[in-house]
Trainee: 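This is the structure I have questions about; it appears just below.
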Amino acid sequence: MVFTLVIWLVIIVGALIYYRRDMARLRKAHARIAQANNAKETYLKNFLDMCALSTKRLGNLCKTVNRKLASGQIEDLYGITKSGRIMDEQRKEFYMIFDNAFLHIYPSFFEELNSLLREEERYVAPTDGKLPTELRIYALVRLGVDDGSRIAEFLGYSINTVYAYRAKVKAKAINRDTFDADLMRIAVIE
């Protein structure tokens, strides 16, 4: 009888240990899910901010165009559109929101990308939260946008500029043959 009780006690203690270990894994999984949800919410907020800002700027542009056309100030209107200032401001805002969202979702992007590059070619993580152009291009690649013309369209560069930046970074890689596949293994928030 005592022997049977000891066996049952060992089984119960073993089950409790297994249960505690399982609960610890479950808590870690819940924490990762909460982080991922937070990242999604931040990304969605940034996306909505960008849409609202674009809509506001487009509305202001329409008002300006209507005012200039109504008063016959065609030359002023031409000067506004020719300068490219409106697109530059919009693009700068897009870069800021994109960089912030991307680095929030992939906080270890710099470290993991740098691990793929030769030591003397590594990038310094920016203190202002802005991605350098070549890393912004590879951020889009990491997100699955690997078509050079789409990247050029997103960022407002020529396709040749995009190819040049991609070649520049790839030339710094420890292993150029597997660089793209290695880049795609950079993990989301852990």
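Since this is a predicted model, take the numbers as computed values, not measurements.
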Trainee: Once rounded to the nearest 0.5 Å, what's the spacing between atom CG of Leu135 and atom CZ of Arg142?
Mentor: 14.5 Å
Trainee: Counting only pairs under 3.5 Å, give me each side-chain donor-acceptor contact of residues 59-74, with atom names and distances, residues two or more places apart or in other chains.
Mentor:
unit_1: Thr64; atom_1: OG1; unit_2: Asn60; atom_2: O; d: 3.0
unit_1: Asn66; atom_1: ND2; unit_2: Cys62; atom_2: O; d: 3.3
unit_1: Lys68; atom_1: NZ; unit_2: Gln73; atom_2: OE1; d: 3.4
unit_1: Ser71; atom_1: OG; unit_2: Arg67; atom_2: O; d: 3.0
unit_1: Ser71; atom_1: OG; unit_2: Lys68; atom_2: O; d: 3.4
unit_1: Ser71; atom_1: OG; unit_2: Gln73; atom_2: OE1; d: 3.3

Trainee: Nearest heavy-atom pair of Phe110 and Val124: which atoms, and what distance?
Mentor: CE2-O, 4.0 Å
Trainee: Measuring from atom CD of Gln90 to atom OH of Tyr95, what distance do you get when rounded to the nearest 0.5 angstrom?
Mentor: 11.5 Å
Trainee: Does Arg21 CZ have over 12 foreign heavy atoms under 6.0 Å away?
Mentor: no
Trainee: Show the nearest heavy-atom pair for residues Arg118 and Ile174, with the distance to one decimal.
Mentor: N-CG1, 3.6 Å
Trainee: In the structure I gave you, are the side-chain heavy atoms of Leu9 and Leu5 within less than 4.5 Å of one another anywhere?
Mentor: no
Trainee: Give me the atom names and distance for the closest heavy-atom approach of Val145 to Arg150.
Mentor: CG1-CB, 4.0 Å
Trainee: Tell me the salt bridge (charged side-chain N to carboxylate O under 4.0 Å, His left out) pairs involving residues 90-103, sequence neighbours left out?
Mentor: Asp99-Arg136
Trainee: Please check if Ile151 and Leu143 belong to a single hydrophobic cluster, counting links between Ile, Leu, Val, Met, Phe, Trp and Tyr side chain heavy atoms closer than 4.5 Å.
Mentor: yes
Trainee: Which atom names give the shortest non-hydrogen contact between Ile186 and Glu112, and what distance separates them?
Mentor: CA-OE1, 3.4 Å
Trainee: Just how far is it from atom CG of Asn175 to atom CG of Asp182, taken to the nearest 0.5 Å?
Mentor: 6.5 Å
Trainee: Identify the heavy atoms of Leu183 and Val141 that sit nearest to each other, and give their distance.
Mentor: CD2-CG1, 3.6 Å
Trainee: Rounded to the nearest 0.5 Å, what's the gap from CZ on Arg20 to CG on Asp22? Could you check?
Mentor: 12.5 Å
Trainee: Would you say Ser158's side chain and Thr161's backbone share a donor-acceptor pair under 3.5 angstrom?
Mentor: yes
Trainee: Return the CD to CG distance between Glu134 and Leu113, rounded to the nearest 0.5 Å.
Mentor: 10.0 Å
Trainee: Looking at Phe109, I'd like to know if its CZ atom is crowded, meaning that more than 12 non-hydrogen atoms belonging to other residues, nucleotides or ligands lie closer than 6.0 Å.
Mentor: yes
Trainee: Between Ser149 and Asp147, do the side chains contain a donor N or O and an acceptor N or O under 3.5 Å apart?
Mentor: yes
Trainee: Parallel, tilted or perpendicular for Phe102 and Phe98, by the 30°/60° rule?
Mentor: parallel
Trainee: Can you tell me how far the OH atom of Tyr138 sits from the CG atom of Leu116, to the nearest 0.5 Å?
Mentor: 10.5 Å
Trainee: Per the side-chain hydrogen bond (donor to acceptor under 3.5 Å, both in side chains) rule, what does the pair list look like for residues 77-87, sequence neighbours excluded?
Mentor: Arg85-Glu89
